[in-house]
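In what follows, a structure is listed as C-alpha cells, so that the remarks can point back to it.
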2 protein chains.
Amino acid sequence: MSDIARAAGVSVKTVSRVHNGEENVSPETRDRVMQAIAELGYVRNDLARAFRMGDSSVLGIVVPDIEDPFFASIVHQVDQSAAEHGMLTFVAGTGDDPEQERRRVEALMGRQLSGLLLASVSHDHGYLQRWANSTPIVFIDRRPEGIEGDSLASDDAAGAITVTQHLLDHGHHKIAFLGDSLEVSTTSARLASYREVLGAAGIEANPEYAVMSGFTPEGVTRAIDSLRALPDQPTALISSNGRANQIIAAQVSDLQLALVAFSDFPLADALSPTITALDQQPRLLAQQAVARLLERQRHTGGTALPFEAQTVPSVLVERQSCQRPIVDQPLTRH
Amino acid sequence: MSDIARAAGVSVKTVSRVHNGEENVSPETRDRVMQAIAELGYVRNDLARAFRMGDSSVLGIVVPDIEDPFFASIVHQVDQSAAEHGMLTFVAGTGDDPEQERRRVEALMGRQLSGLLLASVSHDHGYLQRWANSTPIVFIDRRPEGIEGDSLASDDAAGAITVTQHLLDHGHHKIAFLGDSLEVSTTSARLASYREVLGAAGIEANPEYAVMSGFTPEGVTRAIDSLRALPDQPTALISSNGRANQIIAAQVSDLQLALVAFSDFPLADALSPTITALDQQPRLLAQQAVARLLERQRHTGGTALPFEAQTVPSVLVERQSCQRPIVDQPLTRH
DNA sequence: TTGAAAGCGGTACCAC
DNA sequence: GTGGTACCGCTTTCAA
C-alpha cells in the first residue's frame, strides 16, 4: 500500500480512502491512485483489513454432512447470500459428531466471524455462551438447547399434518411412521402431529407402526424389516428421516406400500413410482437464516433484539408413491 | 492476551509460548498460564495470528455448483482433509460463470489463503498469474489454460476406453455419445477415445451419434430428441455430461437404449433399470489435490517443484442399464 | 527461561 | 481534501 502511495504521490491514508470509495477525495487524486493500483497490480490484504476492523466479513456454516442434498442446498444458498453481501463463506462438516462439531465451531469462532449458521447434532449448546455477545449465531434445522438463540427450521407440525392427512385422503388407515430418533425434537414433533391427525380421524395409532432407525443405513433396513414382519401390515409409510430418503425409497419400491417422504430429493421424480415428498425448501430456509444473522449483526450492542424461533413452511410435492397400492395396474412413468 | 499475562503474572510473549506449546517454558509457568486462560475463558484471535504470520491456514475450494453431487463430494473431502491439518475451508460457488469465478477467486486470494483448489469453467486463467508465486493453486477436474499449474483430473481417455469397450462387449455397435460442449477439454478427450475404440473395433463412428447438449437441461432434452429423430437409431448411449446424468437417466429409461454414464450418482442403483456408471472417485481426487497443495506449500520459495497434471483412475460400476435392449424381458430390480 | 519492543498491513482519529 | 500517527492482537527478534 505504501508503494501505491509513493507511486501516486499521496499518503497511504488516501490510498485507503480511494480503495474504499470514500467521499472527500478529489477526482484527480482518485484517478492517480487508481492508475497506480492498476499498474502495480496491487491487491489489498483483506486479512489485515478484517483484523483491523475486528470483523472478517465471513459467514460460517456448519452442517452434519455436506454431501447430503438438503445440506448441500443450504450451503449453496448461504454462499450465494454471502456473495451478494460481499462476504465469504466458511464451511465445516461435522460427520454427526457433537465433539467434532464443537471443535470446528470453536475453530471458526476464533476467526472473528460475522456470523455463524449452525445445523447442530448436539444436545447442549452451552459452550456457545462465550460468544453469545460477540458473534451472532442462528441455529438451522434444529432449535438451540442449553442456550438462547435465534433459529430457523421447517414447520414440522404443519408438515406432519399435511403428510398424514394426505395419506388419509388417499384412503390409507394403516400408516406407519419411520423416524431417526425420538431424541431429535424435529422427529418427535412430527410424530406427535401424525398421532394427532390420526386421532382426529378416529383412528387409533398402532404403536408398532412407529419405528426409529437411528442414523445408519443398517438401522433403516432393520426398521423397514420390522414393519415388514408385522402381522397387521401397514399400507402406507411416512419417512421422517430425510437423510435416508433415497435408501428408503429404493427399498420401499418393492413393497406394496405407499410412501411420502419428508424432504424432497433429486431423483424423487425419476424413481418408479415417482416419490411424493414434502419439500422443506432448504434454499428459502438458508436465505432467511442469513437475513436473520445480518439483522442481528446490525443490532449488535444496540437494542437487544429478542430471540426468535422462526419457521419455514414445507410444500407437498404430489407424485405417484402415495397412491399405491390403491392403483392396481402398474403405474405409468411420468 | 495481556489480561491473561497480567493474571498469570507473566508477559504476553509467555502466554503466546504456552498457547502454541513451545519448548522452554517452565512447567509451573505453563500451569499458571493455562489456568488463567481457563478461568478467563480466553480464546485466541486467530485472525490476528493469521495476519501476523502472513498465512491464514485456510484452504479455498471453488466449484461451479455446490449442490452437484460430484462437487459436493469434493467439497466434503476438501473440508475433511483441511480439518485433519487443522485448517478451515472457504467454499465458493460460481454458477458456471467465468466472471463470477474470477470475482470470487480474487476475493479469496485477498485473504492470504494457504492454498486454492479451483474447479474452473473459465478458458483463461491468466489472471491468476499474479498469485502464482505467493499462493499454491491446484486445478481440479479441468486443466489450467493460459497459465502453468498443477492439476488433478479424472483419466478421461482411459475412462472413455473402458466405457466404450464395455458397450462393445455387450454387443452394441451403434453407440451414441452425449457430451456438454467440445470446448471442454474433458469432453473432447473422451470423444476422441470413444472414436478410437470404435475404430479399433472396425466400426466407423456415425458422426450424427455424437451430440452436444450445452449446459442447460433443455439442451439435454434437445440432444436426446435429436438422437431419437435419427433414421438409424443407436442402441446405446454414453453420457459424458456428469452434471446431467440424473436427467438423462430419467429420460433414457423410457427408450430402448443402453446407457453408461460418466460420473456415478446417488440413486444410480435405485433407478429402474439401475444405471451402469463410471465412478470418478471425487473423494480420492480431492484428497490428492489437497495433498498436492500442501506439498507445494511446503516447497514455497525453495526448490521449484515442477508442475504436474495428475490423473485419478475411474472405476466402472456395472449395473443393468448397459444390457438393454439385449435383454428382452423386463429387468428384475436389485 | 523470560520479557521488551518492533512490526505485520491496513483503518481511525485528528490536525492541517 | 489530505496526511501523520496510533493502534488492532498476535509473533518475532534479541537482549537479559
Side-chain angles (χ1 to χ4, degrees), chain A residues 1-34 36-37 40-58 86 88 107 109-114 131 134-135 300-301, chain B residues 1-34 36-37 40-58 86 88 106-107 109-114 130-131 134-135 300-301:
Chain A
M1 194 153 129
S2 62
D3 289 349
I4 303 295
R6 203 176 314 116
V10 297
S11 75
V12 289
K13 177 58 197 167
T14 302
V15 177
S16 172
R17 271 195 268 259
V18 170
H19 214 141
N20 295 320
E22 285 175 31
E23 308 296 317
N24 298 335
V25 180
S26 74
E28 309 90 63
T29 311
R30 177 176 305 277
D31 286 349
R32 226 159 358 110
V33 172
M34 298 282 258
I37 288 179
L40 297 181
Y42 166 74
V43 211
R44 177 172 64 194
N45 182 339
D46 284 308
L47 197 60
R49 178 183 158 88
F51 165 55
R52 174 64 229 235
M53 314 235 300
D55 179 290
S56 58
S57 284
V58 170
L88 288 172
M109 285 309 205
R111 309 221 79 121
Q112 318 298 100
L113 292 189
S114 299
W131 293 282
S134 53
T135 307
T300 284
Chain B
M1 194 154 127
S2 61
D3 289 348
I4 304 294
R6 203 176 313 115
V10 297
S11 74
V12 290
K13 175 57 197 165
T14 301
V15 177
S16 172
R17 270 194 270 260
V18 170
H19 214 141
N20 295 322
E22 284 176 32
E23 308 297 317
N24 296 336
V25 179
S26 74
E28 308 90 65
T29 312
R30 176 176 305 276
D31 287 349
R32 227 159 357 112
V33 172
M34 299 281 259
I37 288 178
L40 298 182
Y42 166 73
V43 212
R44 178 172 62 194
N45 181 338
D46 284 309
L47 196 61
R49 176 185 160 86
F51 164 55
R52 174 64 230 239
M53 312 232 299
D55 180 289
S56 58
S57 285
V58 169
L88 288 172
E106 289 180 338
M109 285 309 206
R111 310 223 73 124
Q112 318 299 99
L113 292 189
S114 299
R130 182 188 294 178
W131 294 282
S134 53
T135 306
T300 284

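Chain identifiers are assigned alphabetically (A, B, ...) following the order of the sequence lines, protein sequences preceding nucleic acid strands; residue numbering begins at 1 within each chain.
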Query - Any N/O donor-acceptor pair, A:Lys13 side-chain to C:dA12 base, under 3.5 Å - result: yes

Requested in this report: Return the value, rounded to whole Å, for the distance between atom CG of B:Asp46 and atom C1' of D:dC8.
Outcome: 15 Å

**Report entry** Between C1' of C:dG9 and CZ of A:Arg6, the distance in whole Å
**Finding:** 14 Å

Requested in this report: Please work out if B:Ser2 contacts a base, only the sugar-phosphate, or nothing of the nucleic acid, heavy-atom cut-off 4.0 Å.
Outcome: nothing

Report task. Would you mind telling me which of D:dC10, C:dT11, C:dT2 lies closest to the side-chain atoms of B:Arg17? Result -> C:dT2

Query raised in the report: Under 4.0 Å between a side-chain N/O of B:Ser26 and OP1 or OP2 of C:dT2, yes or no?
Result: yes

Query - Atom-to-atom span, CD1 of B:Ile37 to P of D:dC10 - whole angstrom - result: 10 Å

Report summary line: Atom CZ of B:Arg32 and atom P of C:dT2 are separated, to the nearest Å, by 8 Å

Query raised in the report: Does B:His19 reach the side chain of B:Ile37, with side-chain heavy atoms less than 4.5 Å apart?
Result: yes

**Report entry** Rounded distance (Å) that lies between atom P of D:dT12 and atom CG of B:Asp55
**Finding:** 12 Å

Query raised in the report: Under 4.0 Å between a side-chain N/O of A:Tyr42 and OP1 or OP2 of C:dG9, yes or no?
Result: no

Requested in this report: Nearest-nucleotide wise, let me know which of B:Gly9 and B:Phe51 is further upstream toward the 5' end of DNA chain C.
Outcome: B:Gly9

Query raised in the report: Can you check whether A:Ala50's main-chain N or O pairs, donor with acceptor, with A:Ser56's side chain at less than 3.5 Å?
Result: no

Requested in this report: Say whether, by atom type as modelled, one donor and one acceptor occur between the side chain of A:Asn20 and the main chain of A:Glu22 under 3.5 angstrom.
Outcome: no

Query raised in the report: Rounded to the nearest Å, what distance is computed from the CD1 atom of residue A:Ile4 to the C1' atom of nucleotide D:dT2?
Result: 18 Å

Query - N or O in side chain of B:Thr14 less than 4.0 angstrom from C:dG3 OP1/OP2 - result: yes

Query raised in the report: Rounded to the nearest 0.5 Å, how far does OG of A:Ser26 lie from CZ of A:Arg32?
Result: 7.0 Å

Report task. Mind checking B:Asn20 for me? I need base, sugar-phosphate or nothing, with any heavy atom below 4.0 Å counting as a touch. Result -> sugar-phosphate

Report summary line: Out of C:dT11, D:dC10, D:dT11, minimum distance to the side chain of B:Ser16 belongs to D:dT11

Requested in this report: Step through the shown structure and confirm whether more than 12 heavy atoms of other residues, nucleotides or ligands are within 6.0 Å of CE on A:Met1.
Outcome: yes

Requested in this report: For A:Leu47 and C:dT11, give me the distance from atom CG to atom C1', rounded to whole Å.
Outcome: 15 Å

Query raised in the report: Is there a side-chain polar atom (N or O) of B:Thr29 under 4.0 Å from OP1 or OP2 of C:dT2?
Result: yes

Report task. To the nearest Å, give me how far apart CZ (A:Arg49) and C1' (C:dC8) are. Result -> 17 Å

Query raised in the report: Mapping B:Met53 and B:Val25 to their closest nucleotides on DNA chain C, which lands nearer the 5' end?
Result: B:Val25

Query - Side chain of A:Asn45 (C-beta onward), nearest among D:dG3, C:dG9, D:dT11 - result: C:dG9

Query raised in the report: Between CD1 of B:Ile4 and OG1 of B:Thr14, what distance do you get to the nearest 0.5 Å?
Result: 13.0 Å

Requested in this report: Please evaluate the base of C:dG7 for a donor-acceptor partner in the side chain of B:Arg52 within a cut-off of under 3.5 Å?
Outcome: yes

Query - Sugar-phosphate only, base, or nothing, as touched by B:Val10 at under 4.0 Å among non-hydrogen atoms - result: sugar-phosphate

Query raised in the report: Less than 3.5 Å between a donor and an acceptor, one on the side chain of A:Arg30 and one on the base of D:dG1, is that the case here?
Result: no

Requested in this report: Just call it for A:Asn24: base, sugar-phosphate, or nothing, with non-hydrogen atoms closer than 4.0 Å on any strand.
Outcome: base

